[in-house]
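The structure appears right after this line, and notes come after that.
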Amino acid sequence: MKTPPDFRDELLAWYDREKRALPWRGTRDPYAILVSEIMLQQTRVDTAIDYYKKFMARFPDARALARAPADDVLSAWAGLGYYRRARMLHAAAREIVNNHGGAVPRDFDTIKSLPGIGVYTAGAIASIAFDMNVPAVDGNVIRVLSRILAFRGDPFVGPGRKMIDDVAASLARANERPRDWTQALMELGAVICAPQNPLCLLCPVRAKCAAQKSGLVLKIPPPKKRRASQKVRHAAAVVRRNRKYLFLKREIESINAGLYEFPTVECTNGVDVDSQLGTFVRESAGFEIEVHATVARIRHTITFHRIEVDARAANAVGGHPTARTAWLSSVEARERGVTAATRKILDVLNTGGAEAPPVAGAKINKKQKI
DNA sequence: AAAGCGGGGCT
DNA sequence: AGCCCAGCTTT
């Protein structure tokens, strides 16, 4: 293991002066800290704040969350993305109530065994909620430590990652303020030691940073190898009747489970999209439709998939709804929770279409650029 | 338009 | 170690 310089005093003093006032920093309630940590997975602090406040008001403790219906939890999460987190958090609350008397367990391995909680999140909860001397190594911490050490290998995987984990563990062990230490390291990574534009002039650890001394800050960590992205084309049916749209609720055990979306098919080369869409809507939502012009074209990127969705106006000419079918206004659908692609389409319909949302069959130039 | 960031779970 | 989940920011 590399031996890092002792920068604990400088970093903690900086944290005491500069830490952001965040709602979950005003509490020591382990449940509240657990909720905040799940929300902060893959989500920026600024985005999480409002959701956190609403979520805590609605589900103030593990028992309240555990007894809530899944749809309520999902709707509180609507707009935050990565909805599997909501399901896992719900399951974790139920485990906490059923197996741990309603209180977040105080043992690292037991915390980590809860659904949706991996090594990083368990470390964050153990250190922040229970002041335990354990590390919480997220992407920020990996970047900060690899720069301070001027580590030239890949710190995210293999031996490099193990070295970083060892360093983080030794720093956490030899620490009198574990709760603040965990947050200070991540705060530095988020506020100062940014990936692209680090504010080294303002950094409290500047004098002890090996990458700074050797001018290597921007070369550490090295760029990651990524899979080449892949284009995918989808077509969605925007079926409007009165003031409502036809939505499908996604099935359990699928991507975006439980969320609502415009009926969507993946386009295959050589297959007629209109009839493909018609068949899908008949089989899934129970309605016969006529497919008309494109009313929105949106892009949605997730990991290496670049999805382009062609939203087609359509009208229902008969049929009976299935259990998954719901006629909802745009507001109602957003409240229940819609997929990201459907939200983007709704945004176009509500702004691009302005006062009069697209009516099925309206004359709209198919080649319009959006 | 493309590249970049990034945890948890699973195999 | 590599893939899947199904998103936003930066360049």
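The basis for the numbers below is simple: all heavy atoms, side chains too, and nothing from hydrogens, waters or symmetry mates. The chains referred to below are lettered A, B, ... by the order of the sequence lines, with proteins before strands, and numbering in each begins at 1.
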Query - Modelled atom types, side-chain donor and acceptor of A:Thr342 and A:Thr339, under 3.5 Å - result: yes
Query raised in the report: Could you state the OH-C1' distance from A:Tyr83 to C:dC4, rounded to the nearest angstrom?
Result: 18 Å
Query raised in the report: Which part of the nucleic acid, if any, lies within reach of A:His300 when heavy atoms closer than 4.0 Å are counted: base, sugar-phosphate only, or nothing?
Result: sugar-phosphate
Requested in this report: Using a heavy-atom cut-off of under 4.0 Å over every strand shown, decide if A:Thr303 touches base, sugar-phosphate, or nothing.
Outcome: base
Query raised in the report: Does any donor-acceptor pair link the side chain of A:Gln42 with the base of B:dG7 at a separation under 3.5 Å?
Result: yes
Query raised in the report: A:Met88 versus A:Ile38: any side-chain heavy-atom pair under 4.5 Å?
Result: no
For nucleotides 9-11 of chain B, list the nitrogen or oxygen atoms of the protein found under 3.5 Å from its nitrogen or oxygen atoms, one pair per line.
| from | atom 1 | to | atom 2 | distance (Å) |
| --- | --- | --- | --- | --- |
| B:dG9 | OP1 | A:Gly116 | N | 2.5 |
| B:dG9 | OP1 | A:Ile117 | N | 3.1 |
| B:dG9 | OP2 | A:Ile117 | O | 3.3 |

Query - Distance below 4.0 Å between A:Arg299 side-chain N/O and B:dA1 OP1 or OP2 - result: yes
Query raised in the report: Are side-chain N/O atoms of A:His234 and A:Asp310 paired as donor and acceptor at under 3.5 Å?
Result: no
Report summary line: Between CD1 of A:Ile307 and P of C:dC5 the distance, given in whole Å, is 11 Å
Report task. Can you tell me the distance, in whole Å, between the CZ atom of A:Arg87 and the P atom of B:dG7? Result -> 20 Å
Report task. Taking the six-membered ring for Trp and the full ring for Phe, Tyr or His, determine whether the centres of A:Phe59 and A:Trp77 are under 6.0 Å apart. Result -> no
Show each protein N/O and nucleotides 9-11 of chain C N/O combination with a separation under 3.5 Å, one pair to a line.
| from | atom 1 | to | atom 2 | distance (Å) |
| --- | --- | --- | --- | --- |
| C:dT11 | OP1 | A:Asn197 | ND2 | 2.9 |

Query - Span that lies between the C1' atom of C:dA6 and that of B:dC5, in whole angstrom - result: 15 Å
Query raised in the report: If you measure only the distance, is there a donor-acceptor pair under 3.5 Å linking the side chains of A:Gln41 and A:Arg85?
Result: no
Query raised in the report: A:Gln230 CD to B:dA1 P: how many Å, rounded?
Result: 18 Å
**Report entry** 5′-ward residue of the pair A:Gly158/A:His305 relative to DNA chain C
**Finding:** A:Gly158
Query raised in the report: If you check every side-chain atom of A:Thr301, which of C:dC8, B:dG8, B:dA2 has the closest atom?
Result: C:dC8
Query raised in the report: Are side-chain N/O atoms of A:Asp72 and A:Ser75 paired as donor and acceptor at under 3.5 Å?
Result: no
Query raised in the report: Taking CZ from A:Arg161 and P from C:dG2, how many angstroms apart are they, rounded to a whole number?
Result: 16 Å
Query raised in the report: Relative to the 5' end of DNA chain C, which residue comes earlier, A:Pro159 or A:Ile255, by the nucleotide with the nearest heavy atom?
Result: A:Pro159
Query raised in the report: Do A:Ser127 and A:Asn133 come within less than 4.5 Å of each other through their side chains, counting heavy atoms only?
Result: no
Query - Nearest-nucleotide pick for A:Val157, side chain only, options being B:dG6, B:dG7, C:dA1 - result: C:dA1
Query raised in the report: Is A:Arg250 touching bases, backbone alone, or none of the nucleic acid, heavy atoms closer than 4.0 Å?
Result: nothing
**Report entry** Protein-nucleotide distance (A:Ile345, atom CD1; C:dA6, atom P), rounded to Å
**Finding:** 17 Å
Query raised in the report: Is the distance between the ring centroids of A:Tyr52 and A:Trp24 less than 6.0 Å?
Result: yes
Query raised in the report: For atom C1', what is the distance between B:dG6 and C:dC4, given to the nearest Å?
Result: 13 Å
**Report entry** Interatomic distance where CG belongs to A:Asp347 and C1' belongs to C:dC8 [whole Å]
**Finding:** 14 Å
Query - Short N-O contact, A:Glu261 and A:Arg250, less than 4.0 angstrom - result: yes
Query raised in the report: Between A:Phe7 and A:Trp181, how do the two ring planes meet: parallel, tilted or perpendicular, split at 30° and 60°?
Result: tilted
Requested in this report: Determine the contact category for A:Tyr120: base if any of its heavy atoms lies under 4.0 Å from a base atom, sugar-phosphate if only primed atoms, P, OP1 or OP2 are that close, otherwise nothing.
Outcome: sugar-phosphate
**Report entry** Whole angstrom value for the distance that separates C1' of B:dG6 from CE of A:Met186
**Finding:** 14 Å
